Amino acid sequence: MHSGSCLCGTVRISVDALLDLPIACHCNICRKMTDHYLVSTYIPLESLASEGTGFVTWFHSSEKVRVAFVLNVELLCFLILLLRLIGRP
C-alpha cells in the first residue's frame, strides 16, 4: 500500500497496487507545471482510493493528458496530484 497527501493534508490518496517503473517527462507542459521535469508512474485507476476530492480540479493539458490538481486557496495549497492519459484506463 502506498499513500500520500497534498501539502496541507486536505486531499489524501492511497494506491493498493505495485508501482510501475518511474517515467520522466521533459515536455513543455510538464516543465511549465512543475518548473522542472515531471516524474510519475502508472497505477490502475481501480487501485486508487481518495479522500477530500472536493478540492481536486481536472484540467485538459493536451489532447492526450488530463491533470488533476489540488487547489485549496484558503490554506494556500496547490499540488499536482494525478495525470491521466486519455484512452488508457
Side-chain angles (χ1 to χ4, degrees):
M1 175 77 75
H2 304 277
S3 62
S5 70
C6 64
L7 298 173
C8 70
T10 301
V11 177
R12 298 183 179 281
I13 61 169
S14 60
V15 177
D16 189 16
L18 294 175
L19 300 180
D20 278 354
L21 293 174
I23 303 162
C25 184
H26 298 80
C27 78
N28 287 336
I29 295 169
C30 287
R31 289 194 340 253
K32 285 181 181 181
M33 285 191 309
T34 63
D35 203 27
H36 207 262
Y37 63 91
L38 178 77
V39 178
S40 61
T41 188
Y42 172 75
I43 59 168
L45 198 53
E46 62 271 5
S47 69
L48 178 68
S50 58
E51 299 173 19
T53 56
F55 289 96
V56 174
T57 301
W58 286 93
F59 171 70
H60 283 265
S61 61
S62 72
E63 292 178 11
K64 297 180 179 180
V65 176
R66 290 189 333 154
V67 178
F69 60 93
V70 176
L71 183 57
N72 188 339
V73 178
E74 293 175 3
L75 296 174
L76 301 175
C77 183
F78 173 81
L79 180 70
I80 296 169
L81 185 62
L82 298 170
L83 299 173
R84 184 159 186 200
L85 297 177
I86 295 172
R88 184 171 181 178

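Computed from a predicted structure; not experimentally measured.
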(Q) Using the side-chain contact (heavy atoms from CB on, under 4.5 Å) criterion, which residues pair with Ala17? Sequence neighbours excluded. (A) Val15, Pro44, Ser47

Q: Could you state whether Ile13 and Leu45 fall into the same hydrophobic cluster, counting links through intermediate Ile, Leu, Val, Met, Phe, Trp or Tyr residues with side-chain heavy atoms under 4.5 angstrom apart?
A: yes

**Q.** Shortest non-hydrogen contact from Ile43 toward Leu48
**A.** CD1-CD1, 4.1 Å

Q.
Taking ring-ring contact (aromatic ring centres under 6.0 Å, His included) as the cut-off, I'd like each qualifying pair that reaches into residues 1-35, sequence neighbours left out, listed once.
A. His26-Tyr37

Q. By the rule that ILVMFWY residues connect when side-chain heavy atoms come within less than 4.5 angstrom, directly or transitively, which residues belong alongside Leu18?
A. none

Q) Do the side chains of Val39 and Tyr42 join up, straight or via other hydrophobic residues, at under 4.5 Å, putting them in one cluster? A) no

Q) Looking at residues at least two apart in the chain, or sitting in another chain, which of them share a side-chain contact (heavy atoms from CB on, under 4.5 Å) with Arg12? A) Ser5, Glu51

Q: Tell me, please, which residues at least two apart from Asn28 pass side-chain hydrogen bond (donor to acceptor under 3.5 Å, both in side chains).
A: Arg31

